2 protein chains.
Amino acid sequence: MPATATRDTPAAILDTAERLVQQRGFNGFSYADVAAELGVTKAGLHYHFAGKAELGEALMNRYTDRFGEALAQIDAGERPAPEKLDAYVDLYADVLSDERMCLCGMLAAEYGTLPERMQAVVLRFFDENERWLERVLEDGRRAGTVSVTGSARDAARLIVSALEGAMLVARPYADVERFRAASRALLAGLVG
Amino acid sequence: MPATATRDTPAAILDTAERLVQQRGFNGFSYADVAAELGVTKAGLHYHFAGKAELGEALMNRYTDRFGEALAQIDAGERPAPEKLDAYVDLYADVLSDERMCLCGMLAAEYGTLPERMQAVVLRFFDENERWLERVLEDGRRAGTVSVTGSARDAARLIVSALEGAMLVARPYADVERFRAASRALLAGLVG
DNA sequence: GTCTATAACGAGATAGAC
DNA sequence: GTCTATCTCGTTATAGAC
């Protein structure tokens with residue numbers, strides 16, 4: 001019996017690569033970086049993920065699926081819309097406090113250089129987030145807990161944009177409070 | 001007399017490199033890309049800019065200075081604060097309509113991989129923008145044309161964050177209207 | 001100021017042993 | 001499943017001719 005990995009190797013590869021992409025970008029990390037950190041060789045990585053494009057795609061699908069599960073978790077709580085929005089903001093804050101950018105926000109910056117199949121997942125991520133927010137905002141409007149001036153769709157797109165941008169700007173300052181301040185000001189204008 | 005360039009060569013290099021960075025990122029373009037587009041050799045570029053770090057720094061300083069001049073232009077008009085904010089949003093929209101990301105927004109994503117001197121300019125860009133916005137918002141509040149709930153500084157930071165994020169998200173969709181919708185929703189919550 | 005030529009390195013990827 | 005070894009290519013950068 002050959003030596004067994006202490007945990008699922010593909011998952012460990014994805015964990016390391018994910019962090020590297022979130023901190024350095026898809027064009028800012030290499031198979032060598034991942035291999036060195038895991039103490040394996042580049043060839044070993046190619047066994048699990050044929051190429052960088054396949055690794056990137058797997059990364060994004062896992063991230064987007066997990067984000068969807070987190071949204072389902074928020075829904076399961078049956079809380080009023082403003083609390084759901086606060087929980088949504090916390091998802092972003094948790095990523096940032098790890099000194100990471102949102103994976104798909106990072107890849108949105110590099111969009112023009114990405115393999116086609118990775119580009120498609122970037123759009124899927126934003127679409128799913130916008131749909132979820134739109135529904136929460138409409139529920140809140142019906143319940144009288146949220147007062148959005150324009151369309152719920154436009155407000156949802158503003159929220160995604162503002163939170164992605166707040167992460168983008170706050171990370172160079174290594175200042176989560178900067179993100180928190182922007183989030184508060186955002187929700188104050190929408191929920192107030 | 002040697003052949004004369006049709007226009008200032010360093011400026012032409014900066015123009016091309018700037019667009020490439022805005023569309024592909026600092027880690028997504030090379031000297032070879034710039035040289036090919038200008039019809040010169042890589043060695044020729046090194047004569048004008050010693051290395052990629054120096055080219056990047058020159059790029060950012062020119063961009064930040066130009067942005068500052070554009071803000072001074074807006075101030076020169078002596079318009080009320082809401083009109084100044086509209087003009088400010090237009091600066092971003094113009095960049096996006098060229099299918100480019102804000103230069104410093106792009107470099108904020110790649111921040112961890114940048115040479116130190118380029119990192120410093122990223123912060124300078126955001127600082128100067130926030131200061132300008134903070135002043136406009138305070139002027140507007142005094143004149144009664146703007147009603148910001150929290151501090152002008154936090155609102156300024158929200159505006160920078162939201163506009164950077166709106167560019168980041170809208171560009172993969174190649175949809176300037178997506179940016180416009182987010183901008184309108186943003187200002188509606190702040191100026192309303 | 002721009003060129004040719006090349007050095008030095010790292011990236012992504014593959015073949016084949018174990 | 002992971003390794004060693006190697007290949008090919010692109011990238012940054014320099015030396016030196018014109």
Side-chain angles (χ1 to χ4, degrees), chain A residues 1-21 23-60 106-107 110 112-119, chain B residues 1-21 23-60 106-107 110 112-119:
Chain A
M1 181 162 65
T4 313
T6 47
R7 58 170 171 158
D8 191 37
T9 303
I13 295 169
L14 289 175
D15 289 344
T16 297
E18 184 180 82
R19 183 183 48 73
L20 285 169
V21 175
Q23 290 177 337
R24 306 179 50 88
F26 189 71
N27 296 324
F29 90 105
S30 71
Y31 263 45
D33 296 327
V34 179
E37 187 161 320
L38 293 178
V40 297
T41 60
K42 291 185 289 174
L45 304 183
H46 280 287
Y47 172 81
H48 295 283
F49 299 96
K52 207 182 176 188
E54 288 77 16
L55 173 57
E57 204 190 333
L59 221 53
M60 298 178 73
M106 177 65 83
L107 294 169
E110 301 177 289
T113 71
L114 299 181
E116 268 187 37
R117 309 203 31 193
M118 289 183 67
Q119 292 185 336
Chain B
M1 180 163 66
T4 313
T6 47
R7 57 170 172 159
D8 191 36
T9 302
I13 295 169
L14 288 175
D15 289 345
T16 297
E18 182 179 84
R19 183 182 50 72
L20 286 170
V21 175
Q23 292 178 335
R24 306 177 51 87
F26 190 72
N27 295 325
F29 90 104
S30 70
Y31 264 45
D33 296 327
V34 179
E37 187 162 320
L38 294 177
V40 297
T41 60
K42 291 182 288 174
L45 302 184
H46 280 286
Y47 172 79
H48 296 283
F49 300 96
K52 208 183 176 188
E54 288 76 15
L55 174 57
E57 204 190 333
L59 220 54
M60 297 179 74
M106 177 65 83
L107 295 169
E110 301 177 289
T113 71
L114 299 180
E116 269 187 36
R117 309 203 30 193
M118 290 183 65
Q119 292 184 337

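Heavy-atom basis, side chains included; hydrogens, waters and symmetry copies ignored. In the text below, chain A, chain B and the rest are named by the order of the sequence lines, each starting its count at 1. Since the model is a prediction, treat every value here as computed from it, not as a measurement.
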- Are OP1 or OP2 of D:dT2 and a side-chain N or O of A:Tyr47 less than 4.0 angstrom apart?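 For D:dT2, OP1/OP2 do not have a side-chain N/O of A:Tyr47 under 4.0 Å.
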Any side-chain N or O of B:Thr9 less than 4.0 Å from the OP1 or OP2 oxygen of C:dT2?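 It does, given that an N or O in the side chain of B:Thr9 lies less than 4.0 Å from OP1 or OP2 of C:dT2.
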Kindly write out the residues that satisfy side-chain hydrogen bond (donor to acceptor under 3.5 Å, both in side chains) with [X], not counting sequence neighbours, or none if the list is empty.
{"X": "A:Glu37", "answer": "A:Arg19"}
{"X": "A:Ser30", "answer": "A:Asp33"}
{"X": "A:Arg24", "answer": "none"}

Could you tell me how far apart B:Leu45 (CG) and C:dG1 (P) are, to the nearest whole angstrom?
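Answer to the nearest Å: 14 Å.
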Using whole Å, report how far CG of B:Leu55 lies from P of D:dT11.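 Spelled out: CG on B:Leu55 to P on D:dT11 is 15 Å.
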Whether each nucleotide of nucleotides 11-18 of chain C has a protein heavy atom under 4.0 Å at its base (B), only at its sugar-phosphate (S) or at neither (-) is summarised, 5' to 3', as SBBBB---
Output all residues satisfying side-chain contact (heavy atoms from CB on, under 4.5 Å) with B:Glu18, sequence neighbours left out; order by chain, then residue number.
->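 For B:Glu18 the side-chain contact (heavy atoms from CB on, under 4.5 Å) partners, ignoring immediate neighbours, are B:Gln22, B:Leu59, B:Arg62, B:Tyr63, B:Arg66, B:Arg100.
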Report task. Flag the pair A:Gln119 / A:Glu116 as yes when at least one side-chain heavy-atom distance between them is below 4.5 Å, and no otherwise. Result ->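 Contact flag for A:Gln119/A:Glu116 side chains = yes.
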How about B:Leu14 and B:Phe49: do any of their side-chain heavy atoms sit closer than 4.5 Å?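 Yes, their side chains come closer than 4.5 Å.
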**Report entry** Close residues, residues 11-19 of chain B, relative to DNA chain C [heavy-atom separation under 4.0 Å]
**Finding:**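 Residues of residues 11-19 of chain B under 4.0 Å from DNA chain C: none.
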message = When you measure from the side chain of A:Glu57 to the backbone of A:Arg117, do you find a donor-acceptor pair of N or O atoms at a distance under 3.5 Å?
response =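 Side chain of A:Glu57 to backbone of A:Arg117, a donor-acceptor pair under 3.5 Å: no, none is there.
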| task | Answer yes or no: is there a donor N or O on one side and an acceptor on the other, between the side chain of B:Glu110 and the main chain of B:Gly25, under 3.5 Å? | result |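 No; judged by distance alone, with no hydrogens or angles, the pair does not exist.
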